[in-house]
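Okay, structure first, notes after.
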Protein chains: 2
Amino acid sequence: MNGLMQDWPLLCHRIMEHAARQHGQRRVVSRAENGSLKVTNYSEIYSRSLRVSQSLLREGVVHGDRIATIAWSTSDHLECWYGIAGTGAVYHPINPRLFADQIAFIINDAKDRIVFVDASFISLAESLQERIPLVERFVVFTDGEKLPESGLRGAIAYEEWLAEGGVDYIWPNFEENLAAGLAYTSGTTGQPKGVLYSHRSIVLMSLAANSPDMYGFGASDVVLQVVPMFHANGWTWPFSAPMAGAGLILPGAQMDGASLSQLMTEEKVTCTGGVPTVWQGVLSHLAEEGQGLTALRRLYIGGSPCPRFMMEAFKRFNVEVRSAFGMTEMGPMAAIGSHVPETASLTGEPLSEMQQKQGRAPFMVEMQIYGEEDEQLPWDGSTSGRLKARGPCVARTYYGATHDLLDAKGFFDTGDIATIDQYGYIKITDRAKDLVKSGGEWISSIDLENFVTDHPEIHEAAVVGVIHPKWDERPIVVAVKKAGAIVTKEALLEFLSSRIAKWWMPDDIIFVDSLPHTSTGKLNKKLLRAEYERHLVDMPQARETLNFEADIAMMEGKTNV
Amino acid sequence: MNGLMQDWPLLCHRIMEHAARQHGQRRVVSRAENGSLKVTNYSEIYSRSLRVSQSLLREGVVHGDRIATIAWSTSDHLECWYGIAGTGAVYHPINPRLFADQIAFIINDAKDRIVFVDASFISLAESLQERIPLVERFVVFTDGEKLPESGLRGAIAYEEWLAEGGVDYIWPNFEENLAAGLAYTSGTTGQPKGVLYSHRSIVLMSLAANSPDMYGFGASDVVLQVVPMFHANGWTWPFSAPMAGAGLILPGAQMDGASLSQLMTEEKVTCTGGVPTVWQGVLSHLAEEGQGLTALRRLYIGGSPCPRFMMEAFKRFNVEVRSAFGMTEMGPMAAIGSHVPETASLTGEPLSEMQQKQGRAPFMVEMQIYGEEDEQLPWDGSTSGRLKARGPCVARTYYGATHDLLDAKGFFDTGDIATIDQYGYIKITDRAKDLVKSGGEWISSIDLENFVTDHPEIHEAAVVGVIHPKWDERPIVVAVKKAGAIVTKEALLEFLSSRIAKWWMPDDIIFVDSLPHTSTGKLNKKLLRAEYERHLVDMPQARETLNFEADIAMMEGKTNV
């Protein structure tokens, strides 16, 4: 016997209808490519989204068609997502920092019919267009109605393309399991893989995100979308902020400390989040200017754990810092480091330890850890195992795959190794592929990195497992010294020897000028492993220098939010 | 093309699984019938809910079977709901304050197979059992394993009934549109009608309820369930509190000011809600004892608008008071009176006006007002029309009905007359049936009542429309004076004449010792209309006295939360 409630499917475009109806005048501010600020609101974005839908229908777009965007976070980009999803087509944001080959692969794999591009990415698109023959036309986001000169196929300025839509169109109802968004993530091996979100999964994730212990947006919040919309569905904020009626600030391409600080101050931003490197820029700028942050209340740090000094710095501004953990395959939110009553009174080291964990899962995200025999492991904060996830916002397979990826119980393997403590806080101890397995025992590369960077003269360190003839794999350290530091390999080994077990001691320490990072600011272990794989086999002597391009733009295996 | 996310149906019992997994040790406290406090937690409630399911399966209960409860809010009652829904059966809480005839009608209409009863309701159940032949057995909630003496059919003590369940049972998956809960509400005419909630509607309502601008429960909250679980699905708190991992305090039968104040103080309650009369009791007790409330942060007032003095009194305790509006047919939450940025700086009269409104709707609750020709009316705060609702938690029809109740656009008519202002705040100006229609013009009985109670010597007033030979209907006032007041009918008319339009002036004022109230503390207009319908026709002279039983236990037409 079924319930007798209304049939009202969970559709992305209902969120923008709600925002326009209940919070139509709420301020939405975007940074344009020329640096100026464009002020709009949900009522206008709603109207323009409807025109996007109508323009797409004129192009012959039908349910399930993929429409790509290569663009920074702006209101134009936002209204495109809603306009695309509102017709039953699929928005497909692409990270412009990827290698051109990867972008071409992704567009061809997705069979995108139309590509929306920022004017600043025209030359990127031009360099790609011969390799992406299925793309019928490029729509260029411009500040005005004038199309910048380009040789792009079927190029048209966004405002011109949008001009014809009427105001009496309304979005249709359709089945909530219909695909709405497509986001690519590169797996541990091979080409990037697409995660195909449904309307249902996006709406449910946004609802979960808006509970107070998660992002918890309300109508009185002003949210700064620092995480780009092309990254892990923008942490779902392009949906959860309008759902709550929160103000939304979209920083465009200017992600430097000065530009973000200006937006945070002028727009009275109450809530934001992103990777630690971004906040380092903001803190440096604020320190130089002698400024504070008076409106900011909550800051979410994802990608990698928040350094302690950063936690302290924001605490002085009365900002609550919470860790955020997720991945593209999880819709993307998996856990947030908000307090439970038992942790509320922690101070000092225990508080810091809790804050370095990835957080706890909301309702609808089931997380468990499993051992070698796939047995469920205890939540004791020390037993670590493969972290798996189940829920309506977790992928069951990748776009184009022929079979589901789930285990017998319906869980998705995140590829992370983690502990979970008695309060449900997850602590990622390693990526499964980053774990060093020496003579059958696991060594946590993250823990070892932390011990190395505890040395006052070390700026940054990466630990990778490399081939060893006897132990299969042994850890080596690749580290960057602080400016002017004189620490030697021997001194650092001495420093470590009093802190870690003998079998954890790295087989070599290599000092370099800089370490490679991914586009999301994390250590690029993939590159390091490729570089040093045979280090202990071929050339078991320490090498003193090595240079990486600091801005290597490569997505990593799993995109932690 | 469908998305590729996991198939994970929204089921009520997943909420209790989540609470047990993530917040297993969180404190849940119930007041037993003997007044003592029983302390448990979500882990134990989960285990016991599983045993409820297994015991039901042993009774031969199958998907869709209705299982009634006649009980106060306790952890036993709570675990029954989860245990019932977890098997695919339907929990059906019944208001014990209803007339016996109504209870018998409801049980027969629902065809309940089993009835759970508090020991204090055994005699009520005994008086009914001959009239409810389909009930196979009564399970009695007792403080121990001993069954109180009774002549109830198949009676068994709850603990004995529960004893056999094992711990390795897990709840099944099934389709989320399956019915989970049944709540009766009496319509404007005729017998009570059942609203049949689905698992999906309950989970979605709980998610919406947990957004910060609504109830916004978090793991650090301690929620006092003052609204009985049998009333409008307990405002959805039996689901939204465990979903958030909030502590839950269940007051049982003792709803007096002293008992509630004790729980609020001892359990450090942060969040609660109910009808104004309950809070009157709490405030009086606190004043007598010279106590305050230090932990309480948010108070939700439903049923009728919060009197200004009450708002002020709680403000002195640093408690944010928010109005709550809903109805059984809406799952039940429709709107909460939380601030938007534009109202945040209001003070004095404008703030008070905003707080007297019913609030604004969250995502998934579409509210609109419609005029006589069913045209959509503007949100200007002054145009009033029929309030209609659409969404996944709104009923489309009643249990046993043969057709849907919705209009052509899929909206459910709430039966209320309301304005909506530019910020989306709904203000109920009247029940459609309470509106006085005089010579084709509408007079708001609620507004007129407010003008009457503005007089310093009036304690309470009801305005009803009664038959008038010339104008079809005219308003009369039935009022209770304050103790020692000497105001006369003439003086009150004089007082009103300077405040309202001439055609709003009541045709009579009748002073009474007390006014009839429903079980939820609201004026019983149905009874007043029946009493005074022919007042201006048959006996157009003022009557000085009239007595009602103060505790008339009748559900009203629409059950505002």
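Predicted model, so just to flag it, every value in this text is computed and none were measured. Chain identifiers are assigned alphabetically (A, B, ...) following the order of the sequence lines, protein sequences preceding nucleic acid strands; residue numbering begins at 1 within each chain.
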If you count heavy-atom pairs under 4.5 Å between each of A:I420, A:L207, A:D221, A:V90 and chain B, which one has the most? A:L207
Among A:G88, A:C393, A:P341, which residue forms the greatest number of heavy-atom pairs with chain B at distances under 4.5 Å? A:P341
Below 4.5 Å from any heavy atom of chain B, which atoms of A:R26 appear? Answer side chain, backbone, both or neither. side chain
So which part of A:A361 gets closer than 4.5 Å to some heavy atom of chain B, the side chain, the backbone, both or neither? both
Rounded to the nearest 0.5 Å, what's the gap from CD on B:Q6 to CD on A:E366? Could you check? 8.5 Å
Run the salt-bridge test on B:E17 and A:R390 with the 4.0 Å N-O cut-off and return the result as yes or no. no
Okay, B:M364 and chain A: the region with an atom under 4.5 Å from a heavy atom over there is both
To the nearest 0.5 Å, what is the distance between CD on A:Q422 and CD on B:Q22? 12.5 Å
Tell me every residue that passes side chain to side chain donor-acceptor pair (under 3.5 Å) with B:D404, counting only those two or more places apart in sequence or in another chain. B:R396
Could you pull out the closest heavy-atom pair between B:P212 and A:G216, with the gap in Å? CG-O, 3.3 Å
Heavy atoms of A:Y399 and B:L4 approach each other most closely as CA-CD1, 3.6 Å
Return the CG to CE distance between A:L182 and B:M1, rounded to the nearest 0.5 Å. 7.5 Å
Bottom line for B:H23: the part with an atom under 4.5 Å from chain A's heavy atoms is side chain
Point-to-point distance, once rounded to the nearest 0.5 Å, from CZ of B:R200 to CH2 of A:W8: 9.0 Å
Measure distances from B:V195 to the heavy atoms of chain A and classify the residue's part below 4.5 Å as side chain, backbone, both or neither. side chain
Side chain / backbone / both / neither for A:V203 at chain B, heavy atoms under 4.5 Å: side chain
Contact origin within B:Y423 toward chain A - heavy atom pairs under 4.5 Å: backbone
Please report the closest heavy-atom contact between A:H339 and B:S220, naming both atoms and the distance. O-OG, 3.9 Å
If you count heavy-atom pairs within less than 4.5 Å of chain B, which of A:V222, A:V365, A:L406, A:L178 leads? A:L178
Quick check on the interface: out of B:S198, B:A179, B:G64, who has the most heavy-atom pairs with chain A under 4.5 Å? B:A179
Verify side-chain contact (heavy atoms from CB on, under 4.5 Å) between A:N177 and B:D7, making sure each step is shown before the conclusion. CA-CA 10 Å; A:N177 284 311; B:D7 179 21; over 6 Å; no
Please rank A:P392, A:G181, A:G424 by heavy-atom pairs under 4.5 Å with chain B and give me the top one. A:P392
Is B:Y425 close to chain A through its backbone or its side chain, or both, or neither, when contacts mean heavy atoms under 4.5 Å? neither
Could you tell me which non-hydrogen atom of B:F363 sits nearest to which non-hydrogen atom of A:H18, and how far apart they are? N-CE1, 3.2 Å
Under 4.5 Å from a heavy atom of chain A, the part of B:R27 involved: neither
Under 3.5 Å, which donor-acceptor pairs link side chains of residues 242-249 of chain A to any protein atom two or more places apart or in another chain?
none

Need one label for B:I15: side chain, backbone, both or neither, based on atoms under 4.5 Å from any heavy atom in chain A. both
Non-hydrogen side-chain atoms of A:L204 and B:L204 separated by less than 4.5 Å: yes
Given heavy-atom pairs under 4.5 angstrom as the criterion, report whether the side chain, backbone, both or neither of B:D213 touches chain A. side chain
At a heavy-atom distance under 4.5 Å, which candidate from B:A19, B:A208, B:P362 has the highest pair count against chain A? B:P362
Which residue out of A:V340, A:V394, A:T397 racks up the most heavy-atom pairs below 4.5 Å with chain B? A:V394
Got a second to check how far A:N2's CG is from B:E176's CD, nearest 0.5 Å? 10.5 Å
With a 4.5 angstrom heavy-atom cut-off, could you sort out which part of B:A209 is near chain A: side chain, backbone, both or neither? neither
Under 6.0 Å from the NZ atom of A:K409, do we count more than 12 heavy atoms belonging to anything else shown? yes
Which bit of B:L10 comes within less than 4.5 Å of chain A, counting heavy atoms only: side chain, backbone, both or neither? both
